[in-house]
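The figures here come from the full heavy-atom set of this structure, side chains too, leaving out hydrogens, waters and symmetry mates.
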Amino acid sequence: MTIACTALPALPEVRPGDDLAGLIAAAAPADLGESDMIAVAHKAVSKVEGRLRSLSGIRPGRRARSLAREHGKDARLV
């Protein structure tokens, strides 16, 4: 058995309400076989479902602040 991974061409930035399935179908190769699979990042799904939060509304906890210091990151993103 052989497993190969191939990225689809870049999709446009998705927004709440976009037809993600349609965008993926348009980008998928025409010769997609019945045993082929497409993996989709959860972030894209969340965005089209409108599950977004404003970074200014995030209040990081102690663990997030500690990890952020350790890795030089914004604690709201941790």
Side-chain angles (χ1 to χ4, degrees):
M1 173 184 271
T2 301
I3 296 176
C5 297
T6 305
L8 295 178
L11 298 178
E13 183 70 26
V14 294
R15 302 190 189 307
D18 282 351
D19 178 10
L20 182 58
L23 292 169
I24 292 168
D31 63 348
L32 203 61
E34 92 176 30
S35 63
D36 292 333
M37 293 187 284
I38 294 179
V40 180
H42 187 268
K43 182 175 183 175
V45 175
S46 295
K47 288 173 82 172
V48 299
E49 290 178 344
R51 296 173 187 248
L52 307 170
R53 291 190 62 192
S54 173
L55 193 59
S56 64
I58 303 293
R59 296 188 193 279
R62 184 180 349 170
R63 177 81 171 131
R65 291 190 305 270
S66 173
L67 287 168
R69 278 191 303 276
E70 183 179 329
H71 296 283
K73 303 279 186 189
D74 182 330
R76 298 171 301 173
L77 297 173
V78 177

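Taken to the nearest 0.5 Å, the CD atom of Glu13 stands 11.0 Å off from the CG atom of Leu23. For the atom pair CZ of Arg53 and CZ of Arg76, the computed distance is 11.5 Å after rounding to the nearest 0.5 Å. Annotation: the span from Leu77 atom CG to Leu55 atom CG amounts to 5.5 Å, rounded to 0.5 Å. Annotation: the span from Ile38 atom CD1 to Leu32 atom CG amounts to 5.0 Å, rounded to 0.5 Å.
Shortest non-hydrogen contact noted between Gly33 and Asp36 is N-OD2, 2.5 Å. Here the closest non-hydrogen pair linking Ala28 and Leu8 is CA-CD2, 3.8 Å. Taking all atoms of both residues into account, the shortest heavy-atom contact from Ala75 to Ala64 is O-CB, 3.8 Å.
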- [ ] For Val45 and Val14, run side-chain contact (heavy atoms from CB on, under 4.5 Å): C-alpha distance rounded to whole Å, both residues' side-chain angles, the deciding distance at 0.1 Å, then the answer.
- [x] CA-CA 9 Å; Val45 175; Val14 294; over 6 Å; no
